[in-house]
Amino acid sequence: MIKAILVFNNQGKARLVKFYTHYTEDDQQAIVKEVFHMVSKRDDSVCNFLEGPSKLGGGDFRLIYRHYATLYFVFCVDTAESELGILDLIQVFVETLDRCFENVCELDLIFHVDRVHNILQELCMGGMVLETNMSEILTHVDAQTKLEKSETTATTTIRNTVSSAPNKAVSAVRNMQTSSTNIKLPSKIKF
C-alpha cells in the first residue's frame, strides 16, 4: 500500500504532499524534511530504492523515487508493493503530467495544484493504485476539465443575468406610462 506521495524541488520545498495514513502536521513536515535529506544526498547513478525514514516506520516501509530536472517524485510504500511497479507508476504519473501541461515544470505544480490532484486521484486513491493506463487517465482528466469549463460558463451566465436585473427593472419602470405619479429613478444601479 502507498503511504505517501511527495514531490519536492532540489531545495526541499514541497510541491505536492499526499499522505494516505494519518500523521499530524508536524510529523508530516518532519517526514518530508527527513525524506528530502535521505534522497537528495544520493547520487543519480545509485539505486532508487531506500529504506523508509524512522517516522514512517523504518524497515517496514520503502522510499521509491525518481529525480527529474528540478523535482523529486517520492512514493513511500510498504514492503508488499513491487518496487519496479512503483517506479513504473512514477513514470506514468510524470508522463501524464507532461501531457496535461506540455512539458511539465515546477510552476505547473504550484499554479495548477487542483489539476495535479485530479491526475493523482485518477492514478491512486486511498493508497491503492487505480489506473496505470495513461490514455484512460487523460480521458478522465479531460472530461473533468470540460465539466469544470461548462460549470464556469453557466455560473458566468447566471451572474451576468442577476447583476443586470436591477438595471432592467429600472428601465422597465421608466418605460411605463406614469402620468399621475412622479417617481424619481436612479440613472444606473451598480454593485
Side-chain angles (χ1 to χ4, degrees), residues 1-110 112-141:
M1 185 171 159
I2 299 171
K3 298 296 181 185
I5 297 173
L6 311 171
V7 179
F8 42 79
N9 66 10
N10 289 338
Q11 288 78 35
K13 294 196 190 270
R15 297 306 182 203
L16 174 70
V17 177
K18 182 74 174 174
F19 283 90
Y20 294 106
T21 22
H22 177 72
Y23 292 98
T24 65
E25 192 172 322
D26 291 336
D27 285 343
Q28 288 181 10
Q29 290 176 355
I31 289 168
V32 170
K33 187 175 181 180
E34 188 175 352
V35 167
F36 170 72
H37 287 297
M38 291 173 74
V39 169
S40 65
K41 64 183 174 185
R42 292 174 58 92
D43 189 27
D44 285 340
S45 63
V46 298
C47 180
N48 292 347
F49 313 140
L50 282 168
E51 191 173 297
S54 57
K55 289 252 184 216
L56 268 177
D60 294 337
F61 297 99
R62 290 201 174 83
L63 300 178
I64 301 166
Y65 72 95
R66 293 290 301 261
H67 184 209
Y68 295 97
T70 62
L71 294 171
Y72 287 93
F73 291 80
V74 183
F75 281 52
C76 306
V77 300
D78 61 16
T79 54
E81 292 289 340
S82 163
E83 288 92 353
L84 294 176
I86 297 296
L87 268 180
D88 186 48
L89 189 65
I90 294 172
Q91 184 69 30
V92 168
F93 182 44
V94 171
E95 284 184 20
T96 305
L97 289 172
D98 200 44
R99 289 251 180 105
C100 284
F101 296 112
E102 298 174 15
N103 292 329
V104 67
C105 68
E106 187 174 348
L107 291 176
D108 291 321
L109 299 181
I110 295 169
H112 303 287
V113 69
D114 53 339
R115 284 187 70 195
V116 173
H117 277 281
N118 284 345
I119 294 167
L120 189 58
Q121 284 180 341
E122 290 296 327
L123 195 73
C124 166
M125 188 176 286
M128 302 298 289
V129 177
L130 296 178
E131 184 64 65
T132 58
N133 185 343
M134 188 169 35
S135 60
E136 281 293 316
I137 295 168
L138 288 170
T139 301
H140 292 254
V141 169

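Values reported hereafter were calculated over all heavy atoms of this structure, with side chains retained and with hydrogens, waters and symmetry mates removed. Index from 1, following the sequence.
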Pairwise distance [atom1]([X]) to [atom2]([Y]) - rounded to 0.5 angstrom:
X   : Y    : atom1 : atom2 : result
E83 : L50  : CD    : CG    : 11.0 Å
S40 : Q11  : OG    : CD    : 10.5 Å
K3  : L63  : NZ    : CG    : 13.5 Å
L87 : Y65  : CG    : OH    : 10.0 Å
L71 : C105 : CG    : SG    : 8.5 Å
Q91 : T96  : CD    : OG1   : 9.5 Å

State whether the number of non-hydrogen atoms from other residues, nucleotides or ligands found under 6.0 Å of R99 atom CZ is greater than 12.
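Open: at most 12 neighbouring heavy atoms sit under 6.0 Å from CZ of R99.
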Which atom of Y20 lies closest to which atom of G127, heavy atoms considered
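Looks like CD2-N, 3.2 Å.
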Looking at every non-hydrogen atom in both residues, tell me the closest pair between A4 and F19 and how far apart they are.
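Nearest pair, atom of A4 first, then F19: CB-CD2, 3.5 Å.
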Taking [X] for the side chain and [Y] for the main chain, is one N or O donor matched with an acceptor at less than 3.5 Å?
X   : Y    : result
R15 : V113 : no
D43 : V46  : no
D98 : V104 : yes
N9  : K13  : yes
Q28 : Y23  : yes
N48 : R66  : no
E81 : M1   : yes

Sole residue of D108, N103, L109 in side chain to side chain contact (heavy atoms under 4.5 Å, CB included) with L97:
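With L97 as partner, D108, N103, L109 yield a single side chain to side chain contact (heavy atoms under 4.5 Å, CB included), made by L109.
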Do we see a donor-acceptor contact under 3.5 Å between the side chains of N133 and S135?
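Short answer, yes.
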Going by distance alone, is a donor N or O of one side chain under 3.5 Å from an acceptor N or O of the other, for N10 and H67?
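There is such a pair (donor and acceptor under 3.5 Å, judged by atom type) between the side chains of N10 and H67.
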Check: [Y] and [X] side chains under 4.5 Å, non-hydrogen atoms:
X    : Y    : result
D60  : D78  : no
R115 : F101 : yes
C100 : V141 : yes
K41  : H37  : no
F75  : L89  : yes
M128 : I2   : no
I119 : F93  : yes
H117 : L16  : yes

Kindly determine whether E122 and E131 satisfy side-chain contact (heavy atoms from CB on, under 4.5 Å), including the steps that lead there.
CA-CA 7 Å; E122 290 296 327; E131 184 64 65; 5.8 Å; no
For the pair R62 and E51, evaluate salt bridge (charged side-chain N to carboxylate O under 4.0 Å, His left out) and give the outcome as yes or no after the intermediate values.
CA-CA 5 Å; R62 290 201 174 83; E51 191 173 297; over 6 Å; no
Would you call the rings of Y72 and F36 parallel, tilted or perpendicular, taking 30° and 60° as the class edges?
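Rings of Y72 and F36: perpendicular, as their planes differ by over 60°.
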Verdict with supporting geometry, M38 and E34, side-chain contact (heavy atoms from CB on, under 4.5 Å)
CA-CA 6 Å; M38 291 173 74; E34 188 175 352; 4.2 Å; yes
Going through the checks in order, is the side-chain contact (heavy atoms from CB on, under 4.5 Å) test met by V7 and V74?
CA-CA 6 Å; V7 179; V74 183; over 6 Å; no
Audit row: Y68, F73, ring pair (Phe, Tyr, Trp, His ring centres under 6.0 Å) steps and yes/no
CA-CA 8 Å; Y68 295 97; F73 291 80; 5.8 Å; yes
